[in-house]
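First the structure, in the form of structure tokens, and then the observations on it.
Here is how names work: the chains are called A, B, and so on, in the same order as the sequence lines, proteins then strands, and each is numbered from 1.
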Number of protein chains: 2
Amino acid sequence: MDTAESETGDPQWDVLVATCPSRTSLARIANKWTAIIVIALGAERLRFTELRTRVQGISGKVLTETLRDLERHGIVARHAYAEIPPRVEYELTDLGRTLFAPLRALGDWAEQHIDEVERARDAYDDRVSG
Amino acid sequence: MDTAESETGDPQWDVLVATCPSRTSLARIANKWTAIIVIALGAERLRFTELRTRVQGISGKVLTETLRDLERHGIVARHAYAEIPPRVEYELTDLGRTLFAPLRALGDWAEQHIDEVERARDAYDDRVSG
DNA sequence: CTGAATCCATCAGGATACTG
DNA sequence: CAGTATCCTGATGGATTCAG
């Protein structure tokens with residue numbers, strides 16, 4: 001191992017390469033809201049408002065926009081029911097489910113290493129301002 | 001399994017919770033440039049210009065700023081040598097190395113699922129504009 | 001309830017020029 | 001070489017209001 005372009009071919013598709021289309025894809029998934037939304041939808045299919053409740057702190061506008069774009073990228077599926085009042089449910093697609101583990105891992109990292117990160121941050125700020 | 005707060009305790013540190021400090025942390029790591037930089041540094045310690053060359057498309061300013069913040073979060077270590085011309089090398093800290101696998105996984109995902117994503121995008125755009 | 005539309009503040013990030 | 005300092009633009013994202 002392991003520069004990842006060793007024997008499978010396609011060395012041109014490398015996120016380090018600026019022109020690589022996977023860059024666009026990475027920009028979409030390596031994102032705070034994407035991560036949190038995919039994590040929230042990992043457990044269960046949710047309707048708009050439930051989702052908004054779980055993903056605390058997100059505005060309706062941003063949730064809508066992010067969901068639209070995730071839908072466009074084939075990561076989330078949108079199910080609208082012609083009822084009154086309207087009901088719209090969101091769930092991960094098969095593709096989206098393959099993304100759950102990596103993003104959940106990222107969320108876990110953030111949760112598990114909080115202390116170390118905060119200590120590092122305090123130490124750094126001391127070094128700089130102190 | 002597995003809502004992850006099952007038996008280890010600390011259910012309050014959940015990225016879904018807006019006030020959770022891990023949010024800040026997640027925002028820092030779930031980011032395009034962070035992912036690419038950590039991936040680039042995963043293989044080897046690099047000096048500024050080498051890094052800038054590998055992380056194609058990043059401006060000097062953004063690279064500097066991102067590295068500073070990663071240093072502050074304890075993810076990257078900066079080694080400056082008092083030489084002329086100056087030499088500064090960056091490498092992942094121990095903490096940063098624990099972040100490599102999750103972010104590399106995200107990069108791999110982007111590279112491996114490019115085709116599916118692009119197909120989904122085309123289909124979506126057809127549905128909308130067509 | 002879902003979400004489109006609008007307005008507005010903030011910020012990410014690029015270009016350029018300059019310094020030790 | 002490795003930055004810092006400015007300036008500037010477009011994107012991000014929050015708040016609010018309105019509509020189906």
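- The shortest distance between the side-chain N/O atoms of B:Arg78 and the OP1/OP2 oxygens of D:dG3 is below 4.0 Å.
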Derivation of the salt bridge (charged side-chain N to carboxylate O under 4.0 Å, His left out) call for B:Arg121 and B:Glu118: CA-CA 5 Å; B:Arg121 212 154 42 190; B:Glu118 291 193 324; 3.7 Å; yes

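- Minimum atom distance to the side chain of B:Thr64 is reached by D:dT4, of the listed D:dT4, D:dA15, C:dA4.
- Comparing C:dC1, D:dG3, D:dG14 by their nearest atom to the side chain of A:Arg47 picks out C:dC1.
- Between A:Arg104 and A:Asp108, at least one side-chain N (NZ, or NE/NH1/NH2) sits under 4.0 Å from a carboxylate O, which counts as a salt bridge.
- Going from atom CG of B:Asn31 over to atom P of D:dT12 covers 13 Å, rounded to whole Å.
- The pair A:Arg72-A:Asp69 counts as a salt bridge, with a side-chain nitrogen and a carboxylate oxygen less than 4.0 angstrom apart.
- A close approach under 4.0 Å does occur between a side-chain nitrogen or oxygen of A:Ser59 and OP1 or OP2 of D:dG14.
- Between B:Ile37 atom CD1 and C:dA12 atom C1' there is a gap of 14 Å when expressed in whole angstrom units.
- Between A:Asp94 and A:Arg97 there is a salt bridge, since a side-chain N of the basic residue sits under 4.0 Å from a carboxylate O of the acidic one.
- OP1 or OP2 of D:dA2 lies within a sub-4.0 Å distance of a side-chain N or O belonging to B:Thr49.
- B:Arg52 comes within 4.0 angstrom of no nucleic acid atom, judged by non-hydrogen atoms across all strands.
- The CD1 atom of A:Ile58 sits 12 Å away from the C1' atom of D:dT12 (whole-angstrom rounding).
- Rounded to an integer number of Å, the gap from CG of A:Leu70 to P of C:dG3 is 14 Å.
- A:Leu67 has its CG atom 14 Å from the C1' atom of C:dA4, to the nearest Å.
- Between B:Leu99 and the options B:Ile75, B:Leu92, B:Leu70, a side chain to side chain contact (heavy atoms under 4.5 Å, CB included) holds for only B:Ile75.
- Proximity note for B:Lys61 (side chain, C-beta onward) versus D:dT4, D:dT6, C:dG3: the nearest is D:dT6.
- Heavy-atom distances to DNA chain D give each of A:Gly57 and A:Pro85 a nearest nucleotide, and the one nearer the 5′ end belongs to A:Gly57.
- Atom CD1 of B:Ile36 is separated from atom C1' of C:dG13 by 14 Å (rounded to the nearest Å).
- Within residues 86-93 of chain A, the residues having any heavy atom closer than 4.0 Å to DNA chain C are, in order of number, A:Pro86, A:Val88, A:Tyr90.
- The nearest whole Å value for the distance from the CZ atom in B:Arg68 to the C1' atom in D:dA5 is 14 Å.
- Among pairs with a residue in residues 36-51 of chain A, those fulfilling salt bridge (charged side-chain N to carboxylate O under 4.0 Å, His left out) read A:Glu44-A:Arg54, A:Arg45-A:Glu89, A:Arg45-A:Glu91, at least two apart in sequence or across chains.
- Atom C1' of nucleotide D:dG3 and atom CD of B:Glu83 are separated by 16 Å, given to the nearest angstrom.
- Across every non-hydrogen atom of A:Thr98 and A:Pro102, the tightest pair is O-CD, 3.4 Å.
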